[in-house]
Structures are given as C-alpha cells and as structure tokens.
> 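Just dropping this structure here.
Quick note: numbers below take in every heavy atom, side chains included, and nothing from hydrogens, waters or symmetry partners. Numbering of ligands and ligand atoms starts at 1, following listing order.
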Amino acid sequence: MKQKIKELFNEKFGTNGVMYASAGRINLIGEHTDYNGGFVFPGAIDKYIAAMINVNGTDKVRAYSADLDSYCEFGLNEEDAPKEQWARYIFGVCRETIKRGFTVKGFDTVFAGNVPLGAGLSSSAALESCFAFALNDLFNDNKIEKFELALIGQSTEHNYCGVNCGIMDQFASVFGKKNCLMRLDCRSLEHEYFPFDAKGYKLVLVDSKVKHELVDSPYNKRRESCERVAAKLGMETLRDADFAMLEAVKAKISEEDYMRARFVIGEKQRVLDVCEALEKGDFETVGARMYETHNGLSKDYEVSCVELDFLNDVAKECGVTGSRIMGGGFGGCTINLVKDDLYDKFIETVKAKFNEKYGHEPVIYPVVISDGAHKCED
Ligand code: GLA
C-alpha cells in the first residue's frame, strides 16, 4: 500500500513527501460509554490509513484519495469547506488545528487505507488521526499534546461530519500500542495500558458486511437519550448514575430513555469487571461480560441488527467464550474471544451458517493489536 501511495504521489505531484499512518481500532468492551463519561477498553489494530504529505508552499491543500480515485483542492479558511465527504475529514482536521492556535499551511497529499469502511473499525478516526499527527509533525514541531490530537479528530466529526461521537476511536488511533489494550476513563482522560496476552485464545472479528451510516443517524439520538436522563438526575453525564437512581426517575422519563440509560449504567461496570478479570487471566468472565454487552446493545440500546444477532447466536452455539457487536452499531462486526482449539471450527461454521442465511459469507479479520499514529520510516 505504501509503495502504491508513493508511486501515485510521484505521478500526481512530481516529487516525494513524508509518509504517516494511523490505525483503526477494536474495542474489547465499553460501548457507548465514552460520551457518557465512562470507561472504554480499545486497542489499535494492524489495519490503517497511510498518507504521503509534502508542504507545497501555497495556502491550498491538494488531496487525492487513492481508494476512491477522487481528487479535491481546498483552501484553509472556514468558507473553503469541500463538498466531498472524504475531504471534509482532512479539511476538518486542518481547521480544528488552526482554531486551536496552531499552524497549518498548504500541502499535497495522497492517501489510502485498508481499514474496512463501515465495519465499525473507525476508518474515519484513522484518517483524522493520521492527518492530525502529520500536521503536528510538519508544521508545529510536535508541540501539540497527543490528547489534543485525538480531540482535534473528535471535533472534526462533530463540526464537519455530523457525528456527535465520543473520544474512544481517535484516542485509540493516536495512543495505540503494540500488544496492548488501553483502559480510558473518558471523564478524567486518564488511561492505562494493559498488555493483552490471551494465551490459549484468539480475538477475531466477523464482519457481517452490513453497512452502517452514523451521519444523521440514530447514533446521535442515543446520545441525546443519555443526556436527557443525566439532566433528570441533575448530573452532567451518566458516569455517576446507578440503577437505584435510574429507578427513582423512571416515571419521569420515556421508556426508551430508560432502556438506553440502563444499558450504559451496566456497561460501565462491565468494563471494570473485564479489566479485573484480565489481570487474573479469567477469560471466562471476560467472555460472559461480552455476551451481556451484546444483549444490552441489542435489547436496551437497540443498535444491533438481525445479522449481528445471528452472528452472536452462532458464536454462542459453537461455544465461543465471548462475542458481541463492536463499535457504534447498526451493522459492522462482532468481536469474538475464541479458544485456540475451537477457532477453525468456529470460523468454518460461522461462514457456512451466515452464507446459508444471508447469501454471502462474513469476512474474518484476526485481530493483531498494533501501534497507533506514527511517522513511517522507509
Ligand atoms: C462510535 C463512536 C465512538 C463510540 C462508539 C460506541 O465508534 O465514534 O465514540 O461512541 O461508536 O462505543
């Protein structure tokens, strides 16, 4: 992929640039907790977006998306926002960097990626983090704090892409570390690396290939539900809410908001349980919590779909230790914790059964936990 980017860059701009990359992510547990001030437990993966960039001495960005075979040119002022959705991510990162008082000048770029789109693996966060990291390196002597880079990506989603997301994806993409998951407290922003060495188990993603679209989507509505319940409880977020508090306001909120908050309160605890279980090597508990999360995301948060529920059922029938829908929902992947000796059988079964029911095989991605945003040495 990097070779292809280099050749294309040379072809389009007649020179070379510096290569940067940033990763997609998985999340072991802690879904829809980030914008509720709770905990998440993601890691970066070996699927990434790479971009070659060269400062061009103008006040324009000239960008080429190799995967979409689409070219776009835009200026760096607010009124220069491009129409192309893919270019808005880059424009947003430039604007958010400038708004924070940092420098961005014109540059040329060619980028490509192998993070599957719409699979819940945060291809957009990988794109944002790649450019945020690069702009910091190229124009700002790396003065921008790493966390600020993640926040630049998140604000890009909010202000230029219409998704009111939390901080998990951009955090994972910027902070990712090989072989480590990270527990992030989304309120204090404290984070801790947990070496992930699941001896005897594998993590594998099963991609339903059902696409989700978070823009103008129920994702933002889920967030609004949580904010309404928090406001009823007199709190800023659901972080400090518990089941008793929720019961106390049950009559004053809608049934739907009640269900959303019930999921979030349960999920907050599940992340902590999983971290504790991992430290003891207790993968049975990790897996049990993953199934509970799936159930909550499906029944209370209502972000699953029949295909993903089916994948979850097949995993359970096969005796897979843990399985759940991963990411924002409305399609994409399940993440599965599978014993080594069950792995081949599970993959074979899930492919065959899904194919029989939905007419296409799911795509299997073994998880390799990798580094986040970086400059590529060549
Ligand atoms: C999407 C958002 C994240 C997070 C997850 C759900 O990936 O971008 O901020 O809310 O959904 O956990």
Side-chain angles (χ1 to χ4, degrees), residues 22-45 47 89 92 115-129 132 147 150-176 181-187 189 191 205 207 211-227 237-239 260-261 263-268 270-271 274 289-290 292-294 296-298 300-305 308 324-335:
S22 199
R25 61 108 188 87
I26 54 138
N27 184 27
L28 187 63
I29 199 148
E31 226 58 270
H32 292 275
T33 42
D34 55 358
Y35 53 82
N36 283 301
F39 299 94
V40 292
F41 202 30
I45 53 173
K47 308 217 174 300
Y89 290 105
V115 190
L117 301 180
L121 301 180
S122 298
S123 51
S124 57
L127 181 59
E128 291 147 6
S129 306
F147 229 106
L151 292 168
I152 285 172
Q154 184 194 25
S155 306
T156 296
E157 295 280 352
H158 291 185
N159 300 329
Y160 298 93
C161 307
V163 182
N164 218 357
C165 64
I167 190 65
M168 169 169 74
D169 305 349
Q170 292 78 12
F171 163 78
S173 191
V174 171
F175 282 81
L181 294 178
M182 300 164 282
R183 185 180 65 196
L184 171 68
D185 177 335
C186 299
R187 181 165 65 182
L189 301 184
H191 59 279
L205 304 174
D207 186 356
K211 292 267 186 271
H212 62 185
E213 186 52 82
L214 294 186
V215 179
D216 286 332
S217 82
Y219 178 91
N220 292 350
K221 297 220 165 60
R222 297 301 183 281
R223 184 172 182 154
E224 286 158 21
S225 279
C226 296
E227 287 168 355
T237 65
L238 290 177
R239 164 63 176 264
R260 307 300 187 241
F263 167 76
V264 170
I265 293 170
E267 184 71 355
K268 209 172 44 174
R270 282 189 285 273
V271 183
V274 160
R289 294 294 171 273
M290 289 170 75
E292 285 167 25
T293 292
H294 184 88
L297 285 169
S298 178
D300 275 354
Y301 223 63
E302 297 182 294
V303 295
S304 187
C305 56
L308 287 160
R324 67 177 195 81
I325 179 173
M326 192 185 71
F330 315 107
C333 292
T334 57
I335 180 167

> To the nearest 0.5 Å, tell me how far Leu121 CG sits from Ile335 CD1.
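If we round to the nearest 0.5 Å, Leu121:CG and Ile335:CD1 are 9.0 Å apart.
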> For ligand 1, which is the ligand I care about here, please tell me if Gly327 has any N or O atom under 3.5 Å from one of the ligand's N or O atoms.
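Min N/O separation from ligand 1 is not below 3.5 Å for Gly327.
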> Begin with the C-alpha distance, continue with both residues' side-chain angles, and end with the deciding distance and a verdict on salt bridge (charged side-chain N to carboxylate O under 4.0 Å, His left out) for Glu267 and Arg270.
CA-CA 5 Å; Glu267 184 71 355; Arg270 282 189 285 273; 2.8 Å; yes
> For ligand 1, find out whether one of its N or O atoms is nearer than 3.5 Å to an N or O atom of Ser122.
no
> Backbone or side chain, does any N or O of Tyr35 fall under 3.5 Å from an N or O of ligand 1?
no
> Heavy atoms only: give me the nearest Met168-Asp34 pair and the separation to one decimal.
N-OD2, 3.1 Å
> In ligand 1, which numbered atoms sit nearer than 4.0 Å to a non-hydrogen atom of Tyr219?
1 (C), 2 (C), 3 (C), 4 (C), 9 (O), 10 (O), 11 (O)
> Rounded at 0.5 Å granularity, tell me how far SG in Cys226 sits from OH in Tyr301.
3.0 Å
> Report the member of Leu121, Asn27, Asp169, Asn36 with the shortest heavy-atom distance to atom 7 (O) of ligand 1.
Asp169
> Do any nitrogen or oxygen atoms of Thr33 lie less than 3.5 angstrom from nitrogen or oxygen atoms of ligand 1?
no
> Quick check on contacts: which atoms of ligand 1 are under 4.0 angstrom from a heavy atom of Asp34?
3 (C), 4 (C), 9 (O), 10 (O)
> Between Arg25 and ligand 1, find which residue part has any heavy-atom pair under 4.0 Å and reply side chain, backbone, both or neither.
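Within the 4.0 Å criterion, Arg25 contacts ligand 1 through side-chain atoms alone.
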> Mark up the atoms of ligand 1 that fall under 4.0 Å of a heavy atom belonging to Met168, in ascending order.
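This gives 4 (C), 5 (C), 12 (O) as the contact atoms.
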> Would you confirm whether Asp300, through its side chain, and Arg260, through its main-chain N or O, come within 3.5 Å as a donor-acceptor pair?
no
> Mark up the atoms of ligand 1 that fall under 4.0 Å of a heavy atom belonging to Gly166, in ascending order.
9 (O)
> Specify whether Phe171 and His191 have parallel, tilted or perpendicular ring planes, treating 30° as the upper limit for parallel and 60° as the lower limit for perpendicular.
perpendicular
> Should the ring pair His32 and Tyr219 be called parallel, tilted or perpendicular, given that the plane angle runs from 0 to 90° and is split at 30 and 60?
tilted
